[in-house]
Amino acid sequence: MSQFKPGLEGVVAFETEIAEPDRDGGALRYRGVDIEELVGRVPFEKVWGLLVDGTPEPGLQPAEPYAAQGLTGDAPADVQAVAAHLSGEWGLRKLIDVSDEGARDDLARLSATMISVVAQSARLADGSTTPVDPELVASGATAATRFLLEWRGEADPKHVRAIDTYWICTAEHGLNASTFTARVVASTGADCGAALSSAVGALSGPLHGGAPARVLPMLDAAAEADSLEQFVKDLLDRGERLMGFGHRVYRAEDPRSRLLRGTAMDLGSPRFAVAEELERVAIAELQARKPDRVLLTNVEFWSAVVLDVADVPPVLAPAMFACSRTAGWSAHILEQKRLNRLVRPSAVYVGPGPRALPTA
């Protein structure tokens, strides 16, 4: 048996052709294409196509009109529930019984509908119970535009750019918790709705995908502090975390952070100045305390700032992440289907040795 690694840290479980995070070079490539070549040049739905099909065309097509029932306004819970429900409503076949082309079509249909459901749930959370005219939604030229039209009935171009950039930067990033979960479920031969729903469930925890929701409160507290240097020192001395700093993959700058920082500046984020100064001060303090570690800002720090430009409330951050990650999840589900091997790791038993049944 291989050496035990808590949390499977560093254990190679799969070979993949989907994404390549460059650990030391500070780059991220989707099927060989650097994300810096994608942002601002093609919209998210074409990046979905690149990741899933290997080519931007035709990409993720617009969702068919779907009025989700029983929504709560809790977008992550709503999109997870609807994804599972659609398996039955649409009669989706098991991955083991469907062709690769059929699975791809199921994933595309589910992905587009899941993004629509997040918009519907966000609209309900805003207090609106009246759906937007489907024809207005369909008039949107891009997935981000249609998302905003279905959520708010309007799509500010700055908001569209902010969301599209965020979705592209977070569309895929290798074998994280939610992607691994999707592959495990897919490996059983379950249908695509089950695999995507399970991925959303793994994403709902604050340790994976939820950090942007905790960045803005930190920025607001920093803005009110008399001294940013003292604010950072006090926070670390209390044993609290600086949200959005450090990454388990990159030893250079997170390329997604670089792109999102530039987008926040270009779009005139009202929090840009305090975020940039906090970044400078925090990195200096972290390097002084832990000189042997590279602790720079990660994607979650600047994601929070960019989503704030689009007036996305922090509580919606995990669901926004789920929208973008439908691309990566779908690509991995298809890759796992083609691998056609059940994921079955082992566990090391460390409990009591043989013994009699305890008596009262």
Side-chain angles (χ1 to χ4, degrees), residues 26-28 35-36 38-41 43-44 122 144-145 147-148 151-152 154-171 173 209-236 240-247 250 252-287 294-321 323-324:
L28 174 60
I35 60 170
E36 297 205 34
L38 299 171
V39 171
R41 295 183 60 184
F44 166 74
T145 305
F147 173 81
L148 284 166
W151 177 6
R152 298 171 177 160
E154 59 183 11
D156 184 313
K158 288 176 60 175
H159 296 181
V160 170
R161 180 182 169 190
I163 289 174
D164 191 64
T165 301
Y166 168 75
W167 279 354
I168 291 173
C169 287
T170 57
H173 202 253
R214 303 182 180 214
V215 170
L216 291 188
M218 180 181 70
L219 290 178
D220 290 341
E224 296 175 359
D226 294 331
S227 164
L228 272 179
E229 287 79 5
Q230 195 59 49
F231 171 82
V232 171
K233 290 176 188 284
D234 290 346
L235 187 148
L236 294 174
E240 298 180 22
R241 296 178 62 183
L242 275 165
M243 303 306 299
F245 286 81
H247 200 281
Y250 295 107
E253 183 179 24
D254 186 331
R256 303 166 299 172
S257 179
R258 182 170 60 246
L259 282 166
L260 290 164
R261 182 193 299 109
T263 300
M265 181 177 66
D266 291 346
L267 295 179
S269 163
R271 285 186 164 95
F272 182 81
V274 65
E276 187 177 46
E277 184 63 10
L278 177 60
E279 179 183 47
R280 183 190 66 79
V281 170
I283 289 174
E285 182 65 21
L286 288 168
Q287 288 178 341
V294 178
L295 295 170
L296 304 176
T297 46
N298 59 40
V299 64
E300 293 167 331
F301 184 87
W302 286 105
S303 288
V305 181
V306 168
L307 290 176
D308 179 58
V309 172
D311 294 332
V312 176
V315 69
L316 197 58
M320 295 298 290
F321 196 3
C323 290
S324 65

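Side chains are part of it too, since the values below use all heavy atoms of this structure and drop only hydrogens, waters and symmetry mates.
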Using the test side-chain contact (heavy atoms from CB on, under 4.5 Å), find all partners of [X] that sit at least two apart in sequence or belong to another chain.
{"X": "Ile168", "result": "Leu38, Val39, Phe44, Val47, Asp164"}
{"X": "Arg41", "result": "Glu37"}
{"X": "Val274", "result": "Ala222, Ala223, Arg271"}
{"X": "Glu285", "result": "Val232, Lys233, Leu236, Arg289"}

Within-4.5 Å side-chain heavy-atom neighbours: [X] and [Y]:
{"X": "Leu286", "Y": "Ile283", "answer": "no"}
{"X": "Leu307", "Y": "Leu316", "answer": "no"}
{"X": "Trp302", "Y": "Tyr166", "answer": "no"}
{"X": "Met218", "Y": "Leu278", "answer": "yes"}
{"X": "Thr165", "Y": "Leu260", "answer": "yes"}
{"X": "Ser269", "Y": "Val309", "answer": "yes"}
{"X": "Pro270", "Y": "Asp308", "answer": "yes"}

How close do [X] and [Y] get, counting heavy atoms only, and between which atoms?
{"X": "Pro318", "Y": "Pro314", "answer": "CD-O, 4.1 Å"}
{"X": "Ala27", "Y": "Pro255", "answer": "C-CG, 3.5 Å"}
{"X": "Ala275", "Y": "Val305", "answer": "CB-CG2, 4.0 Å"}

Next on the checklist: Suppose we screen for salt bridge (charged side-chain N to carboxylate O under 4.0 Å, His left out). Which residues come up paired with Arg161, at least two apart in sequence or across chains?
Outcome noted: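 Residues passing salt bridge (charged side-chain N to carboxylate O under 4.0 Å, His left out) with Arg161: Asp266.
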Next on the checklist: Test of understanding: with salt bridge (charged side-chain N to carboxylate O under 4.0 Å, His left out), list the residues that count as partners of Glu154, not counting sequence neighbours.
Outcome noted: none
Item to check | The single option from Ile163, Val312, Asp311 passing side chain to side chain contact (heavy atoms under 4.5 Å, CB included) against Leu148 | outcome: Ile163
Sequence-distant partners of [X], side chain to side chain donor-acceptor pair (under 3.5 Å), two or more places apart:
{"X": "Asp234", "result": "Gln230"}
{"X": "Glu277", "result": "Arg280"}
{"X": "Glu224", "result": "none"}
{"X": "Arg152", "result": "His159"}

Item to check | Short N-O contact, Arg261 and Glu276, less than 4.0 angstrom | outcome: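 Between Glu276 and Arg261 there is no salt bridge, as every charged N stays at least 4.0 Å from the carboxylate O atoms.
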Next on the checklist: Check this for me, if you would: do Asp254 and Arg256 make a salt bridge, where the nitrogen-to-carboxylate-oxygen distance has to be below 4.0 angstrom?
Outcome noted: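 A salt bridge links Asp254 with Arg256.
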Next on the checklist: Working to the nearest 0.5 angstrom, can you tell me the gap between Phe301 CZ and Met243 CE?
Outcome noted: 11.5 Å
Checklist entry - From Lys158 NZ over to Thr263 OG1, what is the distance, rounded to the nearest 0.5 angstrom? => result 12.5 Å
Item to check | Test log, rule side chain to side chain contact (heavy atoms under 4.5 Å, CB included), inputs Glu36 and Arg258 | outcome: CA-CA 10 Å; Glu36 297 205 34; Arg258 182 170 60 246; 2.7 Å; yes
Item to check | Partners passing ring pair (Phe, Tyr, Trp, His ring centres under 6.0 Å) against Phe147 (at least two apart in sequence or in another chain) | outcome: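 For Phe147, the residues satisfying ring pair (Phe, Tyr, Trp, His ring centres under 6.0 Å) (neighbours in sequence not counted) are Trp151, Trp167.
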Item to check | Counterpart residues, ring pair (Phe, Tyr, Trp, His ring centres under 6.0 Å), relative to Phe231 (two or more places apart) | outcome: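 So Phe231 forms no ring pair (Phe, Tyr, Trp, His ring centres under 6.0 Å) with any residue.
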Next on the checklist: Show, in sequence, the C-alpha distance, side-chain angles and deciding distance for Leu259 and Cys169, and conclude whether the side chain to side chain contact (heavy atoms under 4.5 Å, CB included) test is met.
Outcome noted: CA-CA 8 Å; Leu259 282 166; Cys169 287; 4.0 Å; yes
